[in-house]
Amino acid sequence: MSLLDQVFAAGVVGAGGAGFPTHRKLTGPAQWLIVNGVECEPLLASDRHVMRHHGDQVVAGARAVAQALGARALIATKRTYGRELAALTAAIAAQPGEVELRPVDSFYPAGDEQTLIFELTGRTTPPGGLPAALGVVVVNVTTARNIALAMAGQPVTRRLVTVNGAVARPAVVDAPVGALAADLVAAAGGATAADPVLVRGGPLMGRYLPWSEADRLGLGKADGGLLVLPGQHRLALQAARPVEQLLRQAQSACVQCQACTDLCPRYLIGHQIRPHLVMRATFAGGGVDPGLTDPLLCCECGLCELFACPMGLSPRRIIQYAKGTLRAAGARPEPLVHPEQQAERPGRRVPQSRLIARLDLERYPNQVDRLVVLEPDRVVVPLRHGVGRAAEPVVEAGQAVALGQVIAQVGLDEIGCLVHASIAGRVAQVGAAGIVIEREGTTP
Ligand code: SF4
Ligand code: SF4
């Protein structure tokens, strides 16, 4: 079986957040393979755990992919991650082959795919294009580990999830895919805030959800973090504001200082994205300027609204809103690259420590060492894991399933992934939210 077939059979998707099916990246050839271990969102520590404790599997996965693509493998992580660098150095030394470790500075968003490519190669991904256009394939460190496990015939049935924020004992939780958010928070000692909200992902790019979702939300293969924040935290309050209110605020309070544009990481790699101009477009009646396609180049990192803007405005949310309208109209981004913008970049990268202080996240640990293994009696395994189509269920309610059995499938040529049973038991329900599996003896 080829590596591509092994990775497809194991249902591997990008574990860094987007969930792009990994087998679709293995069609090569490529010049560089970048293994992304930068994990730049504050409070998240799952990838760091993988690098410290499973560096051998990360390196084995990287070597196999590099060989399949004919690429040179670079593993990138932060210069400040001493224990991770030591573990990876030892793993590389123990395995013959060309794998190079490339430390990068600790800034946000150093782990953004296109920012990392620029940092390591000095090249700009074509606006609206893919890294493949530069001969680059990027996979996350946890994905690389999952590739090594796939080569041993092990499908993706578990993942490490950082549970952090307003919880009693922050932890990296080793959980089956589909573990409920409520069980993950309980594994971290429970919420400590009286009015908690859930964040699926990191504090900047994650999705803010009401606490009532905790008993329904089954975590997927691309979910590396689950945070709890007090409902009155400034990030939770900002996420809760409706876009109509944000548009009104933009019209009345944007002073066109351009700080949002000056610090935008995609602007700084040379793309034509100028959030201050998108904000200016709202002055003309709160609408979207169909001639201004800059929003299509936004990676939604949140730096403009959560760090740059001195007026507390939300350029990112307005850009998201405009992006939806532009996409629906079939607009395409400007293909221009501006080298003069790249020249401004060295002094404009935002150190992660300053970001953490600005976001009032210093009260929570930015490094989590505690590991908890979670074995719940019930999981809700999602049918969709990030981008791509939902898999088609191939099991029915009442059916017994074994650990690792395929329970939902897609075709090899489709953007999507196979889904496997993450615990052994009986299917309790098949629905839009996912496939509910309960261990035998626990069905009410
Ligand atoms: S969220 Fe803001 S800073 Fe980030 S890429 Fe989009 S416009 Fe730029
Ligand atoms: S940083 Fe804020 S005030 Fe300044 S241009 Fe951008 S949105 Fe307007």
Side-chain angles (χ1 to χ4, degrees), residues 16-18 38 40-42 107-119 124-129 131 201-208 234-235 238-239 241 243 245-284 286 288-289 292-327 331 333-334 336-338 341-342 344-345 347-352 354-355 358-359:
V38 176
C40 61
E41 277 254 24
F107 66 95
Y108 182 83
D112 166 54
E113 186 171 271
Q114 295 189 18
T115 298
L116 184 60
I117 290 171
F118 189 85
E119 192 75 14
T124 299
T125 305
L204 285 109
M205 296 186 73
R207 232 175 108 213
Y208 284 69
R234 62 159 286 205
L235 294 175
Q238 190 146 358
R241 284 190 210 143
V243 74
Q245 183 186 345
L246 301 176
L247 285 163
R248 279 197 303 276
Q249 283 176 336
Q251 288 162 18
S252 62
C254 176
V255 294
Q256 286 293 288
C257 65
Q258 300 193 24
C260 48
T261 295
D262 289 345
L263 294 184
C264 171
R266 292 294 177 94
Y267 172 87
L268 292 172
I269 64 169
H271 285 186
Q272 186 159 299
I273 173 165
R274 299 150 301 181
H276 74 286
L277 293 186
V278 181
M279 296 297 270
R280 188 189 291 172
T282 66
F283 301 170
V288 175
D289 179 353
L292 186 67
T293 59
D294 295 30
L296 296 169
L297 296 171
C298 170
C299 69
E300 305 187 6
C301 70
L303 210 50
C304 51
E305 69 184 31
L306 299 173
F307 186 86
C309 182
M311 306 302 289
L313 303 178
S314 299
R316 171 178 55 174
R317 293 274 305 283
I318 289 167
I319 283 169
Q320 282 172 330
Y321 169 75
K323 196 194 271 188
T325 306
L326 291 166
R327 276 190 179 150
E334 285 292 339
L336 303 171
V337 174
H338 299 274
Q341 293 173 194
Q342 297 166 357
E344 299 168 15
R345 190 169 175 272
R348 297 213 181 139
R349 296 182 312 175
V350 174
Q352 202 197 31
R354 280 186 60 203
L355 182 68
R358 179 77 64 87
L359 299 184

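Ligands are counted one by one from 1 in listed order, and the atoms in each one are counted from 1 as well. Worth knowing before you read on, the calculation uses all heavy atoms, side chains too, and leaves out hydrogens, waters and symmetry mates.
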(message) Between C257 and atom 4 (Fe) of ligand 2, is there a contact where an N/O/S atom of the residue lies under 2.8 Å from the metal?
(response) yes
(message) To check your reading of the model: name the closest protein heavy atom to atom 6 (Fe) of ligand 1, its residue, and the distance in Å.
(response) C298 SG, 2.3 Å
(request) For atom 5 (S) of ligand 1, find the nearest protein heavy atom and state the residue, atom name and distance (0.1 Å precision). (result) C299 N, 3.5 Å
(message) Quick check on contacts: which atoms of ligand 2 are under 4.0 angstrom from a heavy atom of M279?
(response) 7 (S)
(message) Counting non-hydrogen protein atoms only, what is the nearest one to atom 4 (Fe) of ligand 1? Give residue, atom name and distance.
(response) C301 SG, 2.4 Å
(message) Would Q272 and T293 count as a side chain to side chain contact (heavy atoms under 4.5 Å, CB included) here? Give the steps.
(response) CA-CA 9 Å; Q272 186 159 299; T293 59; over 6 Å; no
(request) Answer yes when D289 and R280 have at least one side-chain N-carboxylate O distance shorter than 4.0 Å, and no when they do not. (result) no
(request) State the atoms of ligand 2, each with its element, that fall below the 4.0 Å cut-off from a heavy-atom position in P310. (result) 1 (S)
(request) Examine ligand 2 and decide if any of its atoms is less than 4.0 Å from a heavy atom belonging to C304. (result) no
(message) Using a 4.0 Å cutoff against the non-hydrogen atoms of Q258, which atoms of ligand 2 qualify?
(response) 4 (Fe), 5 (S)
(request) Among all protein heavy atoms, pick out the one at the shortest distance from atom 7 (S) of ligand 1; state its residue, atom name and that distance to 0.1 Å. (result) I319 CD1, 3.6 Å
(request) Specify the protein heavy atom at minimum distance from atom 8 (Fe) of ligand 1: its residue, its atom name, and the distance to 0.1 Å. (result) C264 SG, 2.4 Å
